[in-house]
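Notes to accompany the following structure.
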Amino acid sequence: LNLRSQRPQVFSEVNDLRDRVTQLQALLLRLEGSVRVMQLLSASLDLSDVIGHFDREARRLVAFDRMALILVDEDDLSLAHLITADDGRLHHETQPRVIIAGMQVLNECRPMTRELWPGTFSAPDDAKSFAAGMRLVLDMPLTLPDAPLGVASFGRFDGRPFASDETIL
């Protein structure tokens, strides 16, 4: 029998399996958090509660300095409601406006990152965010199986890239 010569290969395969199990467990935790976020968004009608819960759950999954939610107007499916959380206070704007980056994220149904530099702004508030020190934004689509909810935008002041596992919210 040639078991001794196969021993290192077996140990290597066992270690690879352990690594895959660890990765799958981490992914399951993230998906569980994502499900909780989606349940909160679809269940609660109190905006303060929804944003507070969303902020707490999102911070477990993504490291960010500021967050904004751009919600779909149910009447015409445009992105019309902008909600930002700043220093524990909510700011809610209901003026209809075109939010180019958010529409692209919803249409393509995938997360997108944007660097904020003069000349590259694709959303009305990008210049204001840049002036406040924001350098990188991760826009993520929020959808239910049968309808779009909106876009979550997470910003970082330090410009540090978002890791691939942070983009699966």
Side-chain angles (χ1 to χ4, degrees), residues 26-116 120-130 132-169:
L27 178 61
L28 283 173
L29 285 175
R30 289 179 117 33
L31 291 174
E32 181 182 277
S34 298
V35 167
R36 283 198 304 268
V37 165
M38 298 314 264
Q39 287 170 337
L40 289 168
L41 282 173
S42 63
S44 177
L45 297 177
D46 181 36
L47 190 59
S48 296
D49 287 345
V50 170
I51 301 304
H53 289 300
F54 186 89
D55 183 72
R56 282 190 295 281
E57 291 295 331
R59 286 184 186 279
R60 291 180 47 196
L61 304 170
V62 180
F64 60 91
D65 297 307
R66 283 202 181 149
M67 175 190 72
L69 293 177
I70 306 142
L71 302 178
V72 170
D73 185 321
E74 294 176 19
D75 294 331
D76 62 5
L77 294 181
S78 66
L79 292 172
H81 302 276
L82 175 65
I83 301 143
T84 55
D86 228 355
D87 302 325
R89 294 178 309 219
L90 292 182
H91 306 280
H92 183 200
E93 298 176 29
T94 57
Q95 305 138 340
R97 54 201 194 140
V98 177
I99 302 172
I100 299 165
M103 286 304 293
Q104 184 177 357
V105 167
L106 266 185
N107 288 338
E108 295 183 18
C109 202
R110 66 178 179 87
M112 298 174 69
T113 56
R114 299 181 286 124
E115 290 187 45
L116 298 183
T120 66
F121 303 146
S122 61
D125 287 337
D126 281 356
K128 190 167 75 173
S129 296
F130 179 81
M134 194 71 56
R135 295 299 177 259
L136 188 67
V137 175
L138 169 65
D139 293 319
M140 300 184 73
L142 299 172
T143 59
L144 291 174
D146 58 343
L149 289 173
V151 175
S153 289
F154 305 102
R156 287 187 175 162
F157 291 125
D158 60 9
R160 184 173 34 93
F162 289 94
S164 61
D165 64 343
E166 291 181 300
T167 64
I168 61 166
L169 179 66

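Keep in mind that this is a model prediction, so the values were computed, not measured. Computed over heavy atoms, backbone and side chain alike; hydrogens, waters and symmetry mates excluded.
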Kindly give the heavy-atom pair with the smallest separation between [X] and [Y], and that separation in Å.
| X | Y | answer |
| --- | --- | --- |
| Val105 | Met112 | CG2-SD, 3.6 Å |
| Val151 | Leu142 | C-CD1, 4.1 Å |
| Ala63 | Arg160 | CB-NH2, 4.4 Å |
| Val62 | Phe162 | CG1-CE2, 3.8 Å |
| Cys109 | Pro141 | C-CG, 3.8 Å |

Exercise for the section: Measure the shortest side-chain to side-chain distance between Pro161 and Thr113 over non-hydrogen atoms and say whether it is less than 4.5 angstrom. Expected result: no
Problem - Residue pair Leu136 / Glu115, side-chain heavy-atom distance below 4.5 Å - result: yes
Exercise for the section: Could you please spell out the steps behind the side chain to side chain contact (heavy atoms under 4.5 Å, CB included) verdict for Val137 and Ser129? Expected result: CA-CA 10 Å; Val137 175; Ser129 296; 5.8 Å; no
Handout entry: Side-chain (Asp65) to main-chain (Phe157) donor-acceptor, under 3.5 angstrom
Key = yes
Exercise for the section: Apply ring pair (Phe, Tyr, Trp, His ring centres under 6.0 Å) to Phe64 and list each qualifying residue two or more places apart in sequence or on a separate chain. Expected result: Phe154
Handout entry: Which residues share a side-chain hydrogen bond (donor to acceptor under 3.5 Å, both in side chains) with Arg156, sequence neighbours left out
Key = Glu166
Handout entry: Reported CZ-to-CG distance for the pair Arg56 and Leu61, which is rounded to 0.5 angstrom
Key = 13.5 Å
